**Student:** 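Got a structure here, written out as structure tokens. Questions coming.
Here is how names work: the chains are called A, B, and so on, in the same order as the sequence lines, proteins then strands, and each is numbered from 1. Note that the coordinates shown come from a computational prediction; the quantities given were computed from them, not determined experimentally.
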Number of protein chains: 4
Amino acid sequence: MSLPAGQPKFRRRKADRPDEIVAAAFEVFAEKGFAAARLDDIAARAGVSKGAIYLYFATKEDIFQAVVEQGVAPNLHNLAALAAANPQTFPDLIRAFAKVMAHVASTTPIGGIIKMVIGEARNFPELARVWHDRLIVPALGALTGAIAAAQARGEIRPGDPRHYAAGLISPLLVGVIWRETFTPVGAEPFDLPALMEQHVETQLRGMVP
Amino acid sequence: MSLPAGQPKFRRRKADRPDEIVAAAFEVFAEKGFAAARLDDIAARAGVSKGAIYLYFATKEDIFQAVVEQGVAPNLHNLAALAAANPQTFPDLIRAFAKVMAHVASTTPIGGIIKMVIGEARNFPELARVWHDRLIVPALGALTGAIAAAQARGEIRPGDPRHYAAGLISPLLVGVIWRETFTPVGAEPFDLPALMEQHVETQLRGMVP
Amino acid sequence: MSLPAGQPKFRRRKADRPDEIVAAAFEVFAEKGFAAARLDDIAARAGVSKGAIYLYFATKEDIFQAVVEQGVAPNLHNLAALAAANPQTFPDLIRAFAKVMAHVASTTPIGGIIKMVIGEARNFPELARVWHDRLIVPALGALTGAIAAAQARGEIRPGDPRHYAAGLISPLLVGVIWRETFTPVGAEPFDLPALMEQHVETQLRGMVP
Amino acid sequence: MSLPAGQPKFRRRKADRPDEIVAAAFEVFAEKGFAAARLDDIAARAGVSKGAIYLYFATKEDIFQAVVEQGVAPNLHNLAALAAANPQTFPDLIRAFAKVMAHVASTTPIGGIIKMVIGEARNFPELARVWHDRLIVPALGALTGAIAAAQARGEIRPGDPRHYAAGLISPLLVGVIWRETFTPVGAEPFDLPALMEQHVETQLRGMVP
DNA sequence: TATGAATGAGCTTTCATTCAT
DNA sequence: TATGAATGAAAGCTCATTCAT
């Protein structure tokens, strides 16, 4: 028996549905923000009825939470992978770090999530807290620690290592936000890997004694 | 009976009303975002009735637009002032630029506006366009031009001058966003002037041949 | 290993399904009322899927109707049995009638049905009509007739025989409603057989010339 | 300036609105029950928009509560008035009590409220508790006490005074329920004052030694 | 100019009913 | 016969906007 040509009215896809809904919700939330996102839009983009969403999520907030949490996990993984790799020298560590981050920023929808975190932090403080505690502090902390260690070895000039760390990664964040915010209205985009490569070399030159 | 300090006996003149409404609206929009902001809240914070708002603004969007435009003007002014002052050397120019920007970032509510621009860019592309065209491109362009000129004089190493410019000011933007997003949930704040001073010196060292 | 008492190993035959559904529906309808009853609850309590209900009943209203009708039949039977028995004297007739009714009221779920009839009479007039025409009028009519006959024989004082009948059986109805309504919130219950015995003797003393 | 002939779109009646809404809600709730009552119906019957209801009540449940509470108060008043009047003899006390109750039952919408209390007791136990504690127990208790006192004086035969009390007032309750439930589908109504007068005389004859 | 009660369109959520399996 | 995922038509509730005062 072959599949019917047309689309059946009902599809039984319990296993896949939640992910499809979360994927659709991510797009809508990233585009509109939480409050302006309409369940109708999410349902339509997920290809399900509005009611079907409530088979998997109790409230709109629950969907939002699932979207955000889904955005945390892969980045956690990236972070762990980065920590496992242990390049010889400090400059190589920084270069590797920047390269991976630039790649992630360029190829994943992390920009949309960052936009959501920034835009909804006040309405959903828990969301900001999760991102801060589980992703940002570990990442920034690891970078800061590496810088401080290099300073202790005399490889890096004195100065607040946390400020050095912020100076290193900020262009990446700004580049991502730029892409989400200004590129859609005609702004010239940034080539993030190229930008980061130049930036890291400049920083390294500036940081060594 | 003396007048209470907070509540002037003489009603403020109607001429002030629009500004008061815009000020209140700015707070609410910055906190909640456009869609989640309620006219009731804006009215209450402005100390007027909900109906009164409609004597000055036709729609909620109009209020939002006024808020955004009010946020553009003073920064335009800052920009012009910066351009008027003409320090002798390239490093001094950069130092002056960074200092003014860090001061503005630390002492004005620009963070709230930036959050709004980022969060609502998709819903109000015109808003993103205005900010991009009238503030960001001029500022970034001026900085990029100064860098390119310095490169032409051999004072700065080769490299994409726009990337250099982005590398210079990004920490400021990130610092402001950090303050709006993570500080309220307990994150350690950044001392923006100190961060920028260290960052600029590092960058300058890295940029010279 | 012996079979658990509550869970027969051999699935009940499909022939029993409708009755099980009606039984479950009765509980839910009596507890929540028609509108607030959820098909999910009925299905869960009947131990079947929601879809299975629609193999036996076309709509929620049909289930309700089945519940009500199932509640009418046994009482009709009681009534007929009562009419068949023919005690010698009028007082004995009344005593027998009250005794049977008190027993029924105490041992059957008639209270829940009465609650449903009262609560849903306006939404389902047909339901009220059925109960009125097939149960109440025959019962009340028989009682009224017996009283009128006794009056004709001079055994009972003058007076509206229908009012006498209402005066005789009302406490039973109130007792049942009381049990459904106030006992669950802590009210002192009534011992219906005792109440009726005392009430009938009092009424008989008051009704004789 | 004369009033416009047509009905103005907006009426400003803040003071009257809540009562109008409660009155409309009472009708709808009494007719449909809580769950089946629709805010649209209540609004339409009150002559306001759905939104206007929410200026005065936060939720549908709050409206329901207001309806019930409004039904308790006047009856409390009746009860107090009854207690204040102190007839000479026990029979006169009972006659007065029955007369007032029959009048109330015949002329007020108490039937609708009783129906609601019975129908929604399980969904809103607090509602049943309020009625039980504030109205029924005091009323039934006062009657029971008067009977017990009369028994102590030898004016009434032995027997459970609470059962006597129930036997006395039950026909009233049944009469009210009858009117709400069966009269609308064609049942012959009861003349409550006449029924109660005959019932009370019968009871009194039966209760004296 | 100013108010705030009132509106009504639109939102999230529920649930009786359907249908592919 | 039986399932339960899916549907979609309401339902309760919100809030930008209007208008009588």
**Student:** Want to know the stems of DNA chain F: at least 3 consecutive Watson-Crick or G-U pairs with distances under 3.5 Å, which are they?
**Tutor:** E:2-21 with F:2-21
**Student:** Are any non-hydrogen side-chain atoms of D/Trp131 and D/Ile113 less than 4.5 angstrom apart?
**Tutor:**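 They are in contact (side-chain heavy atoms under 4.5 Å apart), so the answer is yes.
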**Student:** Whole angstroms only, please: what is the CZ-C1' distance between D/Phe57 and F/dT14?
**Tutor:** 18 Å
**Student:** Could you identify which residues of residues 26-44 of chain D place a heavy atom less than 4.0 Å from some atom of DNA chain E, listed by residue number, or say none?
**Tutor:** none
**Student:** Is any side-chain heavy atom of D/Glu120 closer than 4.5 Å to a side-chain heavy atom of D/Phe29?
**Tutor:**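 No - every pair of side-chain heavy atoms lies 4.5 Å or more apart.
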**Student:** Among E/dA6, E/dT3, F/dC13, which nucleotide sits nearest the side chain of D/Ala52?
**Tutor:** E/dA6
**Student:** Select from D/Thr59 and C/Leu55 the residue whose nearest nucleotide in DNA chain F is closer to the 5' end of that strand.
**Tutor:**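 Looking at the nearest nucleotide for each, C/Leu55 comes out on the 5' side.
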**Student:** Are any of the side-chain heavy atoms of C/Gln65 and C/Phe57 separated by less than 4.5 Å?
**Tutor:**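 Of all side-chain heavy-atom pairs linking C/Phe57 with C/Gln65, none is under 4.5 Å.
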**Student:** Counting heavy atoms from C-beta on, name the nucleotide in E/dA2, F/dT7, E/dT13 closest to the side chain of A/Ser49.
**Tutor:** F/dT7
**Student:** Any idea which of E/dT7, F/dT1, F/dT17 is nearest the B/Lys50 side chain?
**Tutor:**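 Side chain of B/Lys50 sits closest to F/dT17.
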**Student:** Closest approach to the side chain of A/Tyr54, judged atom by atom: which nucleotide of F/dT3, F/dA16, E/dT13 is it?
**Tutor:** E/dT13
**Student:** With heavy-atom distances below 4.5 Å as the criterion, would you say the side chains of D/Lys115 and C/Ile118 are in contact?
**Tutor:** yes
**Student:** Got C/Val67 and C/Phe34 here, is their nearest side-chain heavy-atom distance under 4.5 Å?
**Tutor:**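 No; the side chains remain at least 4.5 Å from each other.
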**Student:** Quick one: does C/Tyr56's side chain get under 4.5 Å of C/Asp62's, heavy atoms only?
**Tutor:**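 When only atoms from C-beta onward are counted, C/Asp62 and C/Tyr56 do not touch, as no gap falls below 4.5 Å.
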**Student:** If you find the nucleotide of DNA chain E closest to B/Gly51 and the one closest to A/Lys60, which residue's nucleotide is nearer the 5' end?
**Tutor:** B/Gly51
**Student:** Let's see if you can work this out: which of E/dT1, F/dG12, F/dT1 has an atom nearest to the side-chain heavy atoms of C/Tyr56?
**Tutor:** F/dT1
**Student:** Show me the pairs that pass side chain to side chain donor-acceptor pair (under 3.5 Å) and involve residues 27-39 of chain D, at least two apart or across chains.
**Tutor:**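 Listed by first then second residue: D/Glu27-D/Arg45, D/Arg38-D/Asp41.
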**Student:** Does some side-chain heavy atom of D/Ile53 sit less than 4.5 Å from a side-chain heavy atom of D/Ile63?
**Tutor:**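 Yes. Closest side-chain heavy atoms under 4.5 Å.
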